[in-house]
Amino acid sequence: MTEAQALEAFQAYIDISPFQRWLGLKVEEVGEGRLVIALQWREEMVSNPNTKSMHGGILASLVDLGGLYAVLTTKSIATATVDLRVDYHRPSTGGAIRSASTIIKLGSKVSTAQTEIFGEDGKLLASGRGVYLMGNG
């Protein structure tokens, strides 16, 4: 599969979900055990109108989804999120953000992936880990 085909395939996987389509996720990089997703900041994602900062649940969703799809890049099947941890480092107050997810451990029962989310200026906004229940196909 070419790089363009991999990007198209993973974009199609992500676009299956109405929530993920609403988020406007765009797959930018796909590799074995690695996925980069972009998201454009939008007004309806604001949690605090005084600071115009993005809701933390949006960032947590990126940690969860990025990790899950990073596992799927290995042609493994993950069926559910078992555990999710998110650390918030600074608010997202505008512009495009990117999540970079990589697998820490690919297992037969559970797999773990880590995700870092960066603002348009390259500063770390959030990071986290997801643990995913593996399926047997």
Side-chain angles (χ1 to χ4, degrees):
M1 181 180 296
T2 68
E3 184 177 333
Q5 290 170 322
L7 288 171
E8 187 177 323
F10 273 85
Q11 188 65 58
Y13 294 153
I14 283 177
D15 288 343
I16 287 171
S17 163
F19 175 65
Q20 292 163 192
R21 281 194 315 268
W22 177 82
L23 286 173
L25 303 177
K26 298 297 175 206
V27 178
E28 292 192 335
E29 292 178 36
V30 177
E32 180 80 12
R34 178 172 165 73
L35 187 74
V36 176
I37 299 173
L39 169 71
Q40 184 61 46
W41 185 96
R42 299 191 319 263
E43 188 73 29
E44 65 265 29
M45 295 177 175
V46 168
S47 172
N48 184 339
N50 294 324
T51 62
K52 298 245 185 221
S53 58
M54 183 182 286
H55 191 282
I58 302 287
L59 298 172
S61 292
L62 280 175
V63 171
D64 188 21
L65 295 168
L68 172 71
Y69 283 96
V71 171
L72 297 180
T73 65
T74 67
K75 298 186 173 102
S76 298
I77 297 172
T79 59
T81 304
V82 175
D83 190 42
L84 185 67
R85 169 170 175 110
V86 180
D87 293 311
Y88 300 98
H89 305 287
R90 61 180 43 85
S92 174
T93 55
I97 62 174
R98 285 187 173 61
S99 68
S101 304
T102 55
I103 294 174
I104 296 171
K105 176 192 177 283
L106 187 63
S108 61
K109 304 256 187 234
V110 296
S111 292
T112 305
Q114 66 182 13
T115 299
E116 293 179 315
I117 302 172
F118 300 93
E120 203 164 54
D121 60 2
K123 291 183 179 177
L124 184 64
L125 302 175
S127 60
R129 284 187 177 195
V131 178
Y132 306 95
L133 182 64
M134 302 304 288
N136 58 9

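Index from 1, following the sequence.
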Problem - ILVMFWY network linking L7 to V36, side-chain heavy atoms under 4.5 angstrom - result: no
Problem - Sequence-distant partners of D15, side chain to side chain donor-acceptor pair (under 3.5 Å), two or more places apart - result: Q11
Completion exercise
In terms of heavy-atom contacts, I103 and V71 come closest through CD1-CA, 3.7 Å
Practice task
Would you please classify the geometry between the W22 ring and the F19 ring as parallel, tilted or perpendicular, with 30° and 60° separating the classes?
Solution key: parallel
Problem - Exercise: identify the closest heavy-atom pair between G107 and S111 - result: N-OG, 3.0 Å
Problem - Heavy-atom closest pair, residues V110 and K105 - result: O-NZ, 3.5 Å
Problem - Donor-acceptor contact present, side-chain R85 to main-chain S127, <3.5 Å - result: no
Problem - Any donor-acceptor N/O pair, Y132 side chain to D64 backbone, under 3.5 Å - result: yes
Pair up each side-chain donor or acceptor in residues 95-102 with any protein partner under 3.5 Å, not counting sequence neighbours, and list the distances.
unit_1, atom_1, unit_2, atom_2, d
R98, NE, E28, OE1, 2.6
R98, NE, E28, OE2, 3.4
R98, NH2, E28, OE2, 3.0
S101, OG, G66, O, 3.4
S101, OG, T115, OG1, 2.7

Exercise for the section: Would you please name every residue forming a side chain to side chain donor-acceptor pair (under 3.5 Å) with T74, sequence neighbours left out? Expected result: S76
Fill in the blank from the handout: Between L125 and P91 the two heavy atoms that sit nearest each other are CD2-O, 3.6 Å
Handout entry: For Y88, ring-ring contact (aromatic ring centres under 6.0 Å, His included) partners two or more places apart
Key = none
Exercise for the section: Compare all side-chain heavy atoms of I37 with those of Q20 and state whether any distance is below 4.5 angstrom. Expected result: no
Exercise for the section: Check side chain to side chain donor-acceptor pair (under 3.5 Å) between T73 and all other residues, then give those that pass, not counting sequence neighbours. Expected result: none
Handout entry: All side chain to side chain donor-acceptor pair (under 3.5 Å) counterparts of H55, not counting sequence neighbours
Key = none
Handout entry: Sub-4.5 Å side-chain heavy-atom contact between L65 and L23
Key = yes
Problem - Side chain to side chain, L68 and T81, heavy atoms closer than 4.5 Å - result: no
